[in-house]
Amino acid sequence: MQRIIFHVDVNNAFLSWTAVHMLEKGEKLDIRKIPSIIGGNEEDRHGIVLAKSPIAKRMGIKTATTIYEARKICKNLKVYPPEYDFYRKESDIMYEYLCQYTPVIERYSIDECFMDLTGTNYLYKDYLKLAYKIKDDIKNNFGFTVNVGIGENKLCAKMASDMEGPDMVHTLYKNEIECKMWHLPIENLFMVGKSTSSKLRSIGINTIGDLAVASPNRLEKYFKNNTMFLINSANGIDDSPVGRRKSKTESISISETLKYDVSDFDELKKVLFRQTEELARNLRDIHKYATGVCVMYKNSSFKSYSHGEKLNVPKNNSIELYKDVIRIFKNSFKGELIRNIGVRFYDLTSVRQVQINLFNDNKEEKESDVDLIVDDINKKFGSVSILPASLKLIGKSERHKKTK
DNA sequence: TCTGGGGTCCTAGGACCC
DNA sequence: TCTGGGGTCCTAGGACCC
């Protein structure tokens, strides 16, 4: 049976959503129509471009470059801060709206969904019409625009929605791959990033079409097991299912760029404590336990490190996890200046195993109970209501706000 | 004034066991 | 004391996505 997959992608999501929010609050200016970006706080060294308006894009401003660079390109650029809580709400609204069309839906990111409409032709006679309806409904009801891509698999649907925008519907069926996709530069292919594209270009493969007809033998040397994946992608071949992405290494993490580089162990410990506490609370919220703990950090030259350990017993107790985090960090930390630091809990499980310890007097049980009570209080009165007295924050005086 | 934050997946190499 | 090879698990690092 022919599969029918839609990919719905919010145009310049963060910027569009901020524009909607501003208009709702009575602002006259629509920032989608001027050279503007959403960017992090430069003083806190979070100063990169998170989203750009179409005009800013045409001027050559790219996502993830520094705001400083963006300003060099456009002198009168307007910069607005992100509003993640609002974005999450808008994302939920769109997701709920889309759910009415199919139960097989995957939230790929905060601003993208895949929908599997295979076998629904008795409901929807014309998929192109349906795509236009979805696009127009979202625009008229929620105030932001989307691109809808239609294809016979996720890859093609995604490549289709990446074509011209905003507020457009594109198809990329099998018989369109050659004429619509092959002329595109290799960087445009989904899952081809900087490293892969520079390798490909170095051997004379410059377009998706070049890759599509390349000999696997020739590429094997450079891309090993990834070779056929790349060639298949260039040919629009992909059989991955729409649905929740499953993986055995499911993980949650938190990290932050410090306001200034820090080499003092005690100061870094405080950051790690705050992060561990917050992440452990997230674990408890989703009723999971971590089987692996990892500390990752970047030094002032941006070299990154990650050090982790599998635990004997899955945990979600803040203090217990903090002990693991500090032990791991202590063993690897060489006293360098640290720019960015974070914690990851991985191999999450729903099953709790309590280690039998005759001499422990249920200490862990008691600590878990305390965690739950503290979580409860923090939920009621704000997330900083209860924190350990030792926790003096470095950098800004306010607590780093979790943004996503 | 260079370079955010949250994810997933893959791989090389080492440890360990049989 | 010297030693193969296969399998599995773990760790560190990197690539890619948004």
Side-chain angles (χ1 to χ4, degrees), chain A residues 7 9-10 12-14 37-51 62-72 79 81-82 84 87-88 91 106-114 154-155 158-159 161-162 187-200 222-227 229-230 233 240 244-261 275 278-279 282 291-312 328 331-332 339-348 400-404:
Chain A
H7 181 252
D9 191 351
V10 180
N12 327 304
F14 288 4
I37 60 164
I38 303 298
N41 185 327
E42 288 167 286
E43 271 184 26
D44 287 351
R45 306 200 298 184
H46 297 172
I48 62 159
V49 176
L50 298 163
K62 296 194 172 100
T63 305
T65 57
T66 58
I67 297 173
Y68 175 69
E69 292 295 325
R71 281 216 183 86
K72 276 204 286 197
V79 181
Y84 293 106
Y87 301 159
R88 193 165 294 284
S91 172
E106 175 180 334
R107 235 172 150 161
Y108 186 70
S109 73
I110 193 165
D111 64 336
E112 287 173 58
C113 286
F114 285 103
K154 285 164 76 176
L155 172 78
K158 174 134 178 81
M159 293 298 295
S161 73
D162 275 349
E187 289 78 12
N188 288 32
L189 184 60
F190 184 54
M191 293 302 282
V192 171
K194 218 164 59 181
S195 164
T196 306
S197 67
S198 77
K199 266 194 235 168
L200 284 166
Y222 304 92
F223 303 103
K224 312 229 164 97
N225 291 351
N226 209 25
T227 304
F229 171 79
L230 286 171
S233 295
S240 61
R244 202 174 130 63
R245 279 174 296 171
K246 271 214 152 96
S247 91
K248 60 181 174 38
T249 53
E250 195 192 347
S251 69
I252 57 172
S253 68
I254 191 166
S255 67
E256 70 186 87
T257 295
L258 306 172
K259 196 167 155 63
Y260 48 87
D261 293 347
Q275 293 179 331
E278 180 160 347
L279 207 54
N282 291 348
T291 315
V293 174
C294 175
V295 181
M296 60 263 184
Y297 49 95
K298 289 190 181 118
N299 70 12
S300 47
S301 334
F302 251 72
K303 177 177 165 49
S304 55
Y305 302 87
S306 68
H307 294 271
E309 250 183 54
K310 292 281 285 181
L311 307 176
N312 293 329
I328 292 164
N331 287 341
S332 71
R339 177 192 174 88
N340 177 289
I341 190 163
V343 178
R344 176 191 306 279
F345 296 151
Y346 60 97
D347 285 354
L348 307 186
H400 169 73
K401 206 164 158 30
K402 190 168 180 283
T403 48
K404 280 190 184 179

What is the distance from OH of A/Tyr84 to C1' of C/dC18, rounded to the nearest Å?
11 Å
Side-chain N,O (A/Arg339) to OP1/OP2 (B/dG4) below 4.0 Å
yes
Within 45° of the ring axis of A/Phe114 and under 6.0 Å from its six-membered ring centre, is that where the NZ or CZ of A/Lys154 lies?
yes
Any idea which of C/dG14, C/dC10, B/dT1 is nearest the A/Ser304 side chain?
C/dG14
Can we say A/Glu69 and A/Lys62 salt-bridge, meaning some charged N sits less than 4.0 Å from an Asp/Glu carboxylate O?
no
Counting any heavy atom closer than 4.0 Å, what does A/Glu309 reach on the DNA or RNA strands: base, sugar-phosphate only, or nothing?
sugar-phosphate
Looking at every strand, decide which applies to A/Ser306 at a 4.0 Å heavy-atom threshold: base, sugar-phosphate, or nothing.
base
Going by heavy atoms in the side chains, are A/Tyr305 and A/Asn299 under 4.5 Å from each other?
yes
Comparing A/Ser301 with A/Phe223, nearest DNA chain B nucleotide closer to 5' gives the residue A/Ser301
Nearest nucleotide by nearest heavy atom, which residue falls closer to the 5' end of DNA chain B, A/Arg71 or A/Leu50?
A/Arg71
At under 4.0 Å between heavy atoms, what does A/Lys158 touch on the DNA or RNA strands: base, sugar-phosphate, or nothing?
sugar-phosphate
Please determine, for the side chain of A/Tyr108, which listed nucleotide (C/dA15, C/dC17, B/dT8) has the closest atom?
C/dC17
Side chain of A/Ile254: nearest nucleotide among B/dT8, B/dT1, B/dG6?
B/dG6
Quick one: is A/Asn226 getting a side-chain N or O under 4.0 Å of the C/dA15 phosphate, OP1 or OP2?
no
Could you state the atom-to-atom distance from NZ of A/Lys194 to C1' of C/dC17 in whole Å?
14 Å
Do A/Leu230 and A/Tyr222 have side chains that approach each other closer than 4.5 Å (heavy atoms only, starting at C-beta)?
no
Base, sugar-phosphate, or nothing for A/Ile252, non-hydrogen atoms under 4.0 angstrom?
sugar-phosphate
Give A/Glu112 one of three labels, base, sugar-phosphate or nothing, depending on what nucleic acid heavy atoms sit under 4.0 Å from its own.
sugar-phosphate
Applying salt bridge (Lys or Arg N to Asp or Glu O under 4.0 Å), can you list everything that pairs with A/Arg45, at least two apart in sequence or on another chain?
A/Asp261
Check the phosphate of C/dT11 against A/His307, side-chain N and O only, distance under 4.0 Å to OP1 or OP2. Yes or no?
no
Among A/Ile254, A/Thr257, A/Leu258, the one residue meeting side-chain contact (heavy atoms from CB on, under 4.5 Å) with A/Ile341
A/Leu258
With heavy-atom distances below 4.5 Å as the criterion, would you say the side chains of A/Tyr84 and A/Leu50 are in contact?
yes
Taking B/dT3, C/dC16, B/dG4 as options, the one with an atom nearest any side-chain atom of A/Ser195 is C/dC16
Kindly point out which of B/dG7, C/dG13, B/dT1 is positioned nearest to the side chain of A/Tyr305?
C/dG13
Heavy atoms only, 4.0 Å cut-off, all strands: where does A/Arg45 land among base, sugar-phosphate and nothing?
sugar-phosphate
Across the strands shown, which category fits A/Gly40 at heavy-atom distances under 4.0 angstrom: base, sugar-phosphate, nothing?
nothing
Starting at CG of A/Asp162 and ending at C1' of C/dC17, how long is that distance when rounded to a whole Å?
12 Å
Does A/Ala64 reach a base, just sugar-phosphate, or nothing at all? Heavy atoms under 4.0 Å.
base
Could you check whether A/Asn340 gets within reach of a base, just the sugar-phosphate, or nothing at all, counting any heavy atom under 4.0 Å?
sugar-phosphate
Distance, rounded to the nearest Å, where A/Tyr68 contributes OH and B/dT3 contributes P:
11 Å
Under 4.0 angstrom between A/Ser255 side-chain N/O and B/dG6 OP1 or OP2
yes
Residues in salt bridge (Lys or Arg N to Asp or Glu O under 4.0 Å) with A/Arg344, at least two apart?
none
Can you confirm whether A/Asp162 sits close enough to A/Asn188 that some side-chain heavy atom of one is under 4.5 Å from a side-chain heavy atom of the other?
no
Starting at CD1 of A/Ile37 and ending at P of B/dT3, how long is that distance when rounded to a whole Å?
13 Å
Interatomic distance, A/Glu106 CD vs C/dC18 P [rounded to whole Å]:
13 Å
Would you say a side-chain N or O of A/Tyr346 is under 4.0 Å from OP1 or OP2 of C/dT11?
yes
In whole Å, what separates the P atom of B/dT3 from that of C/dC18?
23 Å
Report yes if at least one side-chain N or O of A/Ser253 is closer than 4.0 Å to OP1 or OP2 of B/dG7; otherwise report no.
yes
Please tell me which of the listed nucleotides, B/dG4, C/dC17, B/dT1, lies nearest to the side chain of A/Glu42?
B/dT1
Whole-Å gap separating C1' (B/dT11) and CG (A/Asn225):
9 Å
Out of B/dC2, B/dG5, B/dT8, whichever nucleotide has its closest atom nearest the side chain of A/Thr257:
B/dG5
Here the distance between atom C1' of C/dC17 and atom CD of A/Glu187, to the nearest Å, is 16 Å
Evaluate whether atom NZ of A/Lys310 has more than 12 neighbouring non-hydrogen atoms of other residues, nucleotides or ligands under 6.0 angstrom away.
yes
Ranges pairing with ranges for DNA chain C, where each run has three or more Watson-Crick or G-U pairs under 3.5 Å:
B:5-18 with C:5-18
Hey, is the side chain of A/Ser251 poking within less than 4.0 Å of OP1 or OP2 on B/dT8, counting only N and O atoms?
yes
